[in-house]
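Here the structure is a predicted model, which means the values were calculated and not measured. Throughout, a chain's letter reflects where its sequence line sits, starting with A, and its residues are numbered from 1.
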2 protein chains.
Amino acid sequence: MNLKQLSKLLGLSQTTVSRALNGYPEVNKETRERVLKAVRETGYRPNKAAQRLATGKAGSIGLVMPTAPGHHSDVHFGEFLSGLGEEAVRHDFHFVITPSDPDDEVGALRRLAMSGNVDALFLAYMRGHDPRLDMLKTLSVPFIVHGRSFGREPDYPFLDIDNEAAFYDATKLLLQLGHRRFALMNGPSHLDFAIRRKNGVAAALAERDLLLDDDCTTHTPMTDEHGLLAMEQFLQLEDRPTAILCSSTVLALGAVRAINQAGLKLGEDISLIAHDDVLPLLKPENFSVPLTTTRSSLRAAGVRIAQRLIGSLKQINIYPQQELWRAELIVRASTGPAPMGR
Amino acid sequence: MNLKQLSKLLGLSQTTVSRALNGYPEVNKETRERVLKAVRETGYRPNKAAQRLATGKAGSIGLVMPTAPGHHSDVHFGEFLSGLGEEAVRHDFHFVITPSDPDDEVGALRRLAMSGNVDALFLAYMRGHDPRLDMLKTLSVPFIVHGRSFGREPDYPFLDIDNEAAFYDATKLLLQLGHRRFALMNGPSHLDFAIRRKNGVAAALAERDLLLDDDCTTHTPMTDEHGLLAMEQFLQLEDRPTAILCSSTVLALGAVRAINQAGLKLGEDISLIAHDDVLPLLKPENFSVPLTTTRSSLRAAGVRIAQRLIGSLKQINIYPQQELWRAELIVRASTGPAPMGR
DNA sequence: ACGACTAGTCAAAGCGCTTTGGACTGGGAT
DNA sequence: ATCCCAGTCCAAAGCGCTTTGACTAGTCGT
């Protein structure tokens, strides 16, 4: 069933039917109702590809999903997507997701942008100096970035959390509790958020003339296994850290396990603060020792980004170009005063 | 840059350029190379919407993603998608994902199917008697199901794991170890896999004239928090279970925590077998007491489904219509003989 | 009674691509 | 010289939609 058939059925022109469906004013009320009724009965749905071809828009947001054998999926991706979807569903938007070799994200993004089947693009997993930004600047597809990238003016629309401040604050708290030996379990070192978090820690430490040791910094994918391994490594240091900063509750999961296995008490022998993206599958308050966290909902960020993206496409762009969200520092039982005698 | 402009640039007709690009034989080798060169230089990309309109195909797989405020994202979705993507990227396929109100999945799927911008559909989170199957049967879009659905002949293409057998085997093992009081921490009760797993447990128990008590069965979303709560509930029973079957390692995470908090020893006081979807973020072998599991990689299932879907679209359908994968039962330390005296 | 609107409708062009059905070469066979 | 054919190429139709520009009534003011 297509427009032509439908309009023939109704004895109307395609023009009128199309206008009736798209809410144009110059259609008789009765005619419109007749059309709507017929649509309901026949189950007619306009062909999106044709709509897009005719209008240049079809209500879609494009994303690139890095994938490869061995490249493991990221919980954070799903959670964020879920937030995007929560808003998108209200506006009848959908997503076009291009899987891509992780080494060719620029190319994949470019192809997606030029394929002409997305109205706007969304970028995440930003790198230190991200080449995708330069590429996108040469195209005319609107886009928005989750995170930021070093090495160029932030002259692009983004939503980021203040990673540096979050980890600065967390470190500061641990310093106030008397800790002097710090470790950081971070995400992959090429990612922007990891760099900023590290900077935050370093800045707070520098105020007390302390340094973050290389031995005490890990950059790994954020899985429980890497958390476990990293923590085991820290615990084997002769002058082992008493304060741990951790980029994800998933990493913290492994870390806590290592701490327990070493017979140490979290919050007494060793303190830990993790960043909490508010993943539904893993709540820091339910850890055996509830975790002190810097919290910022990934899902909420998704909702917000979808709002801005869709808002700008619908020309009701009342949103700021750039937003920096502050994470909350929530103190629970995994942080305590530095142990004496070590 | 579009075909018209490109062909003008080359002094060729659109026909020839199009054919050169799509690998038709009736085009001179030199001409083809000239075209390819121009494409490289101009960065021309065919408009997918137009291609789809003209051919009816555009290399896309459609999915529906249930989303709502409060409806939390599912790790398993991301992991599966990642598998789909791994295969899709090899064939230059992409995904079209429609977010949908969880109460209107049938409608969302229908709209997606009729929108004319997907070549095939993929269904998951199957329900006991899933209305989506009946709906899809009336359309002509090819589809494939991850899981199965009760209540109709399996006359549709699917890939499923043998949930019943997996949980039957797991239960049997626990019975052999002397356990008599069982509990099941399951997924939402309307989902097909949950029903089958329960049946598997019940079948094994029935052979010993045992029943799975309602008090000892929970149906919840699969998050660590629900695992924790369910386990706490089990432990408060006066005649508490010594053997736990668990539908996900994520649930197991919470369960183990509850066990530890109660001062019980996993593998001694209480045994647990979880189903392991091989999520990269949570490995059962890294639990403080490594978990005995029924294992089947969700990601591998994704790869396989993408193969079959794309294979059937490209008419090289050498794949069986229906596949039932057997999960592996992997024994680790979380299972032991039933404790004496209780 | 006549022009000037307005409301409602339509035919046709156009979006960028693929594909059908020729058309035009220059041999090789007859 | 004629015919055929393989090898190349092209013009034009068509995919299903939106949108422009025009056309018909009917209405109103004068």
Side-chain angles (χ1 to χ4, degrees), chain A residues 1-36 38-39 42-60 92 111-119 140-141 313, chain B residues 1-36 38-39 42-60 92 111-119 140-141 313:
Chain A
M1 175 61 66
N2 59 22
L3 228 210
K4 198 174 194 171
Q5 294 168 30
L6 183 66
S7 53
K8 188 165 297 173
L9 192 88
L10 284 162
L12 289 168
S13 73
Q14 296 190 37
T15 311
T16 305
V17 177
S18 171
R19 292 199 146 136
L21 288 175
N22 294 318
Y24 280 68
E26 64 266 58
V27 172
N28 190 322
K29 200 165 183 180
E30 284 173 25
T31 315
R32 186 188 306 275
E33 272 159 18
R34 216 153 60 81
V35 170
L36 258 26
V39 166
T42 58
Y44 166 78
R45 286 280 136 193
N47 180 305
K48 291 264 180 194
Q51 270 181 329
R52 156 160 287 283
L53 192 55
T55 60
K57 327 234 134 225
S60 63
D92 200 23
R111 285 190 291 278
L112 180 57
M114 302 198 49
S115 76
N117 64 24
V118 297
D119 298 325
S140 53
V141 185
L313 290 173
Chain B
M1 174 62 64
N2 58 22
L3 226 211
K4 197 175 194 172
Q5 294 168 32
L6 183 66
S7 54
K8 189 165 295 173
L9 190 89
L10 285 163
L12 289 169
S13 75
Q14 297 190 35
T15 311
T16 304
V17 178
S18 171
R19 293 201 145 137
L21 289 176
N22 294 318
Y24 280 68
E26 64 266 60
V27 45
N28 190 319
K29 200 164 182 183
E30 285 173 23
T31 316
R32 187 189 305 275
E33 271 158 18
R34 217 153 60 80
V35 170
L36 259 26
V39 166
T42 58
Y44 165 79
R45 285 279 136 192
N47 181 305
K48 291 263 180 192
Q51 271 182 328
R52 157 161 286 283
L53 192 55
T55 59
K57 325 237 133 222
S60 63
D92 200 24
R111 284 190 292 278
L112 180 58
M114 303 199 49
S115 76
N117 63 26
V118 297
D119 298 325
S140 54
V141 185
L313 290 173

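- Between Lys57(B) atom NZ and dC15(D) atom P there is a gap of 17 Å when expressed in whole angstrom units.
- Put simply, CG on Asn28(B) is 17 Å from P on dA6(D), counting in whole angstrom units.
- The shortest side-chain heavy-atom distance between Ser18(A) and Thr15(A) does not fall under the 4.5 Å cut-off.
- Taking every heavy atom of both residues into account, Ala49(B) and Asn47(B) meet most closely at N-OD1, 2.7 Å.
- The distance from atom CG of Leu10(B) to atom P of dC10(D) is 10 Å, rounded to the nearest whole Å.
- Judged by distance alone, the side chain of Thr42(B) and the main-chain N or O of Ala38(B) form a donor-acceptor pair under 3.5 Å.
- Between Arg52(A) and Ser60(A), the shortest heavy-atom contact is NH2-OG, 3.8 Å.
- Within the 3.5 Å criterion, the main-chain N or O of Gly59(A) finds no donor-acceptor partner in the side chain of Asp92(A).
- When each of Lys29(B) and Leu53(A) is assigned the nucleotide of DNA chain D bearing its nearest heavy atom, the one mapping closer to the 5' terminus is Lys29(B).
- Closest of all the heavy-atom pairs between Asp119(A) and Val141(A) is O-CG1, 3.9 Å.
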| request: Indicate for each nucleotide in nucleotides 17-26 of chain D, in 5' to 3' sequence, whether protein heavy atoms under 4.0 Å reach the base (B), only the sugar-phosphate (S), or nothing (-). | output: BBBBB-----

